[in-house]
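See below for the structure under consideration.
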Amino acid sequence: MIQETLGKTFEPRDVEPRWYRYWEESGFFGADPASGRRPFCIVIPPPNVTGSLHIGHAFTLTLQDVIVRWRRMSGFDTLWLPGLDHAGIATQTVVERQLAKEGRRKEDLGREAFERRVWEWKDESGGTIARQLRLMGYSLDWTRERFTLDATLSRAVREVFVSLWEDGLVYRGNYIVNWCPRCVTALSDLEVEVAAENGSLWHIRYPAADGGQGIVVATTRPETLLGDTAVAVHPEDERYRHLIGRRVILPVLKREIPVVADAFVDREFGTGAVKITPAHDPNDFQAAQRLGLPAVEIMDERGVLNGNAGPYAGQDRLEARKGIVNQLSAEGLLVKSTPHQVPLGRCQRCDTVVEPRLSNQWFVRTGPLAEPAIQAVEDGRIVFVPENWSKTYFEWMRNIRDWCVSRQLWWGHRIPAWTCGGCSELIVAREDPTTCPKCGGTALVQETDVLDTWFSSGLFPFSTLGWPEKSADFRRYYPNDVMMTGFDIIFFWVARMIMLGMRFAGDVPFRKVFINGLVRDEKGEKMSKTRGNDVDPLAVIEKHGTDALRFTLTALAAPGTDPSLGEARLLGYKAFVNKLWNAARFTLMNLAGDRASAGDVAALPLPSRWILSRLQDVAGSVNAALEEFRFDQAAGALYHFLWDEVCDWYVECSKVLLADATEAPRARAVLVEVLEASLRLLHPIAPFVTEEIWQRLPHEGPSIMLAGFPKPDPTKRDPSAEEEMGRLMRLVTAIRTIRATYEVEPRRRIDATVVAGGTRDREFVARHEALVKSLARLESLEVVASAPDAARTINQPVGAVELRIPMAGLFDLAAEKTRLSKERLKVMDELDGLRKKLENPQFVQRAKPEVVAQSRERVAELEGRLAKVAATLQEMGG
RNA sequence: AGGCGCGUGGCUCAGUGGUAGAGCGCUUCCUUGACACGGAAGAGGUCGGUGGUUCAAUUCCACCCGCGCCUACCA
């Protein structure tokens with residue numbers, strides 16, 4: 001399973017596939033309802049079946065895997081359920097394109113053959129993303145993988161749809177919907193992306209039928225005048241009051257239409273007169289309903305003008321616009337046109353300009369569903385993290401509009417509705433009917449529309465668990481514990497899961513909703529294929545390794561922020577993975593099969609007591625951070641612990657300990673203990689490298705992913721060891737700083753003296769002589785109570801002691817005087833500020849006592865330091 | 001129009017009512033037996049602007065400027 005020796009650098013490609021296969025084949029990802037452990041469940045936001053893994057997936061799913069692995073190691077019976085979404089429009093479009101290459105259309109195949117063809121494509125491409133998810137190391141329970149078109153999930157869809165129908169929450173009717181003339185289907189409001197685009201505002205004269213001047217309307221869509229059935233003005237608009245009830249002549253078609261009054265007209269906008277095109281504008285449609293105006297459709301399903309468009313029949317909508325503007329201009333009816341910003345809706349999938357279209361569609365009445373869903377968040381049964389997203393949720397939910405759920409596609413859940421050929425009865429049923437319940441006729445025709453893909457996605461937290469059966473999985477894993485996803489689908493998905501879950505599954509679908517940011521490039525721009533700035537996670541894996549990518553994404557996941565992913569950042573964390581690898585290499589080189597125990601912790605040397613205490617601290621930080629979804633803090637704590645404390649200090653200290661034959665076994669034991677626990681802490685973020693190393697260390701159990709997650713034990717903290725080690729580190733750093741300041745070659749060993757007035761300080765330094773000598777590369781270290789002749793040494797106060805390094809041959813007096821003068825100024829500066837503060841009676845009286853005390857301590861310390869520096873300077877004669 | 005968020009060292013970003021941190025980059029020195037994907041030591045910031053609250057504000061409040069995003073039926 002593992003290589004014999006460790007290379008100098010970690011080679012991810014050699015180890016990653018091996019471990020994933022081992023985990024999956026061993027069944028380590030599988031949930032175990034019979035385990036008796038507390039369940040923890042999360043379902044994947046199902047990726048598009050024809051899609052491939054992009055960086056957005058990698059980001060949110062990495063965070064999910066971190067949580068899932070952490071919970072699993074912490075003793076939960078963990079289910080992370082994978083699945084795929086059939087993605088109606090997107091998938092159908094892909095297959096239609098394939099057909100187009102063969103010179104065929106889906107109509108040539110017929111519905112059934114086309115569906116078969118899509119299934120073939122699904123089988124082929126659905127495996128792609130599943131493979132990619134494995135490459136990322138995600139610990140999904142593949143035995144429970146679901147697809148939204150699976151029989152059980154389809155059954156759930158049908159159950160929900162029919163129930164809603166029975167409860168009057170589904171209705172069908174002729175309304176204006178968003179229509180994509182390229183996809184040839186209705187869209188929901190959410191599937192339209194509205195943006196302000198440059199257009200024009202045309203002022204067009206509609207002459208009065210009696211030969212008068214008539215009225216000038218303003219419009220951004222002149223071609224729709226062919227479908228006008230009135231002109232509306234505000235009832236109190238003095239300019240037009242005389243025209244209300246009169247008739248004007250519709251240009252081009254020369255049809256007479258009335259001038260009507262309605263308060264919805266904005267007198268300030270344009271000319272204050274608006275043309276009414278009920279069949280092609282949502283506002284006009286509503287106005288027409290109020291005013292009893294007829295609707296005239298002038299376009300077909302592909303945006304081509306129809307017979308009602310007179311001379312423009314057969315032209316595309318945009319082509320017709322040009323012709324009509326020309327004609328109006330020629331006839332002198334075009335008063336003017338001005339540049340105007342138009343809010344233009346485009347199809348989310350294909351970017352075609354969406355057409356408001358009057359058509360017969362199915363809708364879900366959302367009001368009654370939204371109410372309990374709003375309450376669940378209001379009273380905290382569902383909590384958003386970060387909490388602020390609940391505002392976005394409320395904003396949308398409180399103004400929710402009915403949901404158009406029918407799509408004119410062939411790929412999806414066909415709406416379970418039939419029309420009786422005999423009596424026209426509409427039948428909506430769970431089981432396919434064979435006879436009409438009303439007239440007994442058998443000529444039933446099924447609805448051809450399918451449901452919005454999000455309708456089935458909205459059931460995902462429970463349809464995947466077997467609902468509507470009260471299956472064991474459903475009972476155990478519903479509600480899910482947390483839903484983790486991006487803010488871009490709060491409305492599309494999260495809100496709908498809450499509404500449908502509460503109504504049908506009997507409880508909230510999940511307790512928490514964690515919203516992650518959107519991955520951006522290093523310039524902060526949104527990543528997209530069209531911009532060409534997107535990062536391909538698979539390419540990153542290939543280049544830097546999965547753990548590096550995962551660690552990077554985790555480290556960037558600060559709440560409420562959009563992470564910027566750049567190459568430099570990745571390289572930094574790749575280096576971290578390699579650093580860990582080498583710490584392991586060092587440990588294993590020294591281990592030599594030794595399995596001694598560290599024994600009594602209190603009896604261990606200072607660095608060992610210190611690192612074991614720090615380990616407890618970092619274990620606490622990581623657990624606390626993950627509890628609050630503070631991925632950045634968890635990653636940061638581990639990064640700094642391993643690099644700055646374990647590698648930079650403990651490993652270096654251990655070299656001294658290991659050189660001492662009696663000390664070595666315990667040092668090895670501590671080294672192993674710290675490394676092994678660190679690996680477990682790190683495993684949820686970087687699963688591969690941690691497993692690879694863990695397997696080589698003394699360990700129990702078949703895999704690190706099943707080993708216990710370290711829990712902090714406060715009784716194992718050792719504050720005095722941390723304090724002492726801090727002093728030791730400051731002393732070593734002071735020596736190193738002096739060496740660096742005077743450019744002493746790193747390999748050269750120098751002499752140093754520590755002057756300490758107090759007995760305990762002297763004993764302290766003497767006790768750690770070997771460590772200090774090694775860490776600071778000293779030839780000798782002398783500890784004395786006092787030392788004259790400061791003029792011949794470098795003198796540096798360090799806490800309660802003073803460091804003296806002979807100048808002979810290394811340093812010169814003038815440079816040292818300059819250095820000390822600078823230091824004196826710095827100390828005086830800080831002292832000044834502190835003293836002023838302390839002289840202020842307000843501060844002393846009103847500030848927190850500990851702050852005042854702290855300031856006083858600092859003053860005392862600085863004064864001591866200043867005195868020492870001043871004394872030295874005086875001895876040096878400056 | 002409404003809502004949300006952001007503006008901190010060269011870059012990308014954390015953070016806190018008590019004179020600021022990280023990663024990368026940069027400077028100097030160093031191939032010392034874990035690691036040059038490395039080591040040691042450094043330089044670098046009036047924390048967008050203006051007021052207010054406070055003994056104390058980068059941190060709280062108000063306004064302003066700049067930048068994102070979301071929602072919305074101004075033709």
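Just the heavy atoms: all of them, side chains too, but no hydrogens, waters or symmetry mates, feed the values below. Nothing here was measured: the structure is a model prediction, and the numbers come from that model. We name chains A, B, ... by the order of the sequence lines, and we start the count at 1 in each one.
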Next on the checklist: Can you tell whether the side chains of A:K655 and A:E652 come within less than 4.0 Å, N to carboxylate O?
Outcome noted: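 Judged by the 4.0 Å cut-off on N to carboxylate O distance, A:K655 and A:E652 do form a salt bridge.
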Checklist entry - Are the charged groups of A:R835 and A:E830 less than 4.0 angstrom apart, N to O? => result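 Salt bridge flag = no for A:E830 with A:R835.
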In whole angstroms, how far is the [atom2] atom of [N] from the [atom1] atom of [X]?
X      : N      : atom1 : atom2 : result
A:R858 : B:rA56 : CZ    : C1'   : 18 Å
A:R819 : B:rG42 : CZ    : C1'   : 14 Å
A:Y573 : B:rA22 : OH    : P     : 12 Å
A:L565 : B:rG23 : CG    : P     : 18 Å
A:Y639 : B:rG21 : OH    : C1'   : 14 Å
A:N578 : B:rG38 : CG    : P     : 7 Å
A:I490 : B:rC4  : CD1   : P     : 14 Å
A:F586 : B:rC37 : CZ    : P     : 20 Å

Nearest to the side chain of [X] - [options]?
X      : options                : answer
A:A847 : B:rA34, B:rU71, B:rC55 : B:rC55
A:F843 : B:rC55, B:rU32, B:rA75 : B:rC55
A:V274 : B:rA14, B:rA75, B:rA34 : B:rA75
A:N388 : B:rG39, B:rA75, B:rG5  : B:rG5
A:E652 : B:rG2, B:rC35, B:rC4   : B:rC35
A:A575 : B:rA40, B:rU19, B:rC37 : B:rC37
A:D648 : B:rU12, B:rA40, B:rC74 : B:rA40
A:R630 : B:rG15, B:rA75, B:rG18 : B:rG15
A:K848 : B:rG15, B:rG18, B:rA75 : B:rG18
A:H640 : B:rA22, B:rU71, B:rA41 : B:rA22

Any N/O donor-acceptor pair, [X] side-chain to [N] base, under 3.5 Å:
X      : N      : result
A:K579 : B:rC35 : yes
A:R569 : B:rU12 : yes
A:E743 : B:rA40 : no

Item to check | Within 6.0 angstrom of A:E378 CD, more than 12 heavy atoms from elsewhere | outcome: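 It does: A:E378 CD has more than 12 such atoms within range.
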Item to check | Flag if over 12 foreign heavy atoms under 6.0 Å of CZ, A:R747 | outcome: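 Atom CZ in A:R747 is not packed in, count stays at 12 or less.
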Span that lies between the [atom1] atom of [M] and that of [N], in whole angstrom:
N      : M      : atom1 : answer
B:rA22 : B:rG45 : P     : 15 Å
B:rG49 : B:rA41 : P     : 34 Å
B:rC61 : B:rG17 : P     : 12 Å
B:rC69 : B:rA56 : C1'   : 36 Å
B:rU16 : B:rC47 : C1'   : 11 Å
B:rC26 : B:rC11 : C1'   : 12 Å
B:rC4  : B:rU46 : C1'   : 30 Å
B:rA20 : B:rU32 : C1'   : 35 Å

Select base, sugar-phosphate, or nothing to describe what [X] touches, counting heavy atoms under 4.0 Å on all strands.
X      : result
A:N840 : sugar-phosphate
A:Q845 : nothing
A:T220 : sugar-phosphate
A:H203 : nothing
A:P841 : nothing
A:R748 : nothing

With respect to the phosphate group of [N], does any side-chain polar atom (N or O) of [X] fall under 4.0 Å of OP1 or OP2?
X      : N      : answer
A:T733 : B:rA40 : no
A:W643 : B:rG39 : yes
A:R585 : B:rA34 : no
A:S564 : B:rC13 : yes

Item to check | Shortest non-hydrogen contact between A:F285 and A:P278, atoms and distance | outcome: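 Result for this residue pair: CB-O, 3.4 Å.
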Next on the checklist: To check you understand the geometry: which heavy-atom pair defines the closest contact between A:T224 and A:I298, and what is its length?
Outcome noted: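 Taking A:T224 first and A:I298 second, the nearest heavy atoms are CA-CD1, 4.0 Å.
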Checklist entry - Who does B:rC37 pair with, Watson-Crick or G-U, both distances under 3.5 Å? => result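 Its partner: none found.
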Checklist entry - Using purine N1 to pyrimidine N3 plus N6-O4 or O6-N4 for Watson-Crick, or N1-O2 and O6-N3 for G-U wobble, both under 3.5 Å, which nucleotide pairs with B:rC6? => result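 Its partner is B:rG66 (Watson-Crick or G-U wobble, both distances under 3.5 Å).
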Checklist entry - A:V651 or A:T737: which one's nearest nucleotide on RNA chain B is closer to the 5' end? => result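 The 5'-side residue here is A:V651.
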Item to check | Position toward the 5' end of RNA chain B (nearest nucleotide), A:R267 or A:A740 | outcome: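 Its nearest nucleotide being more 5', the pick is A:A740.
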Checklist entry - In terms of the angle between their ring planes, are A:W396 and A:F491 parallel, tilted or perpendicular, with boundaries placed at 30° and 60°? => result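 Answer is parallel, since the angle falls under 30°.
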Next on the checklist: Parallel, tilted or perpendicular: which one describes the rings of A:F363 and A:Y175, with boundaries at 30° and 60°?
Outcome noted: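 It falls in the perpendicular class, over 60°.
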Checklist entry - Does the ring centre of A:Y639 sit less than 6.0 Å away from the ring centre of A:Y573? => result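 Yes: the rings meet the under 6.0 Å criterion.
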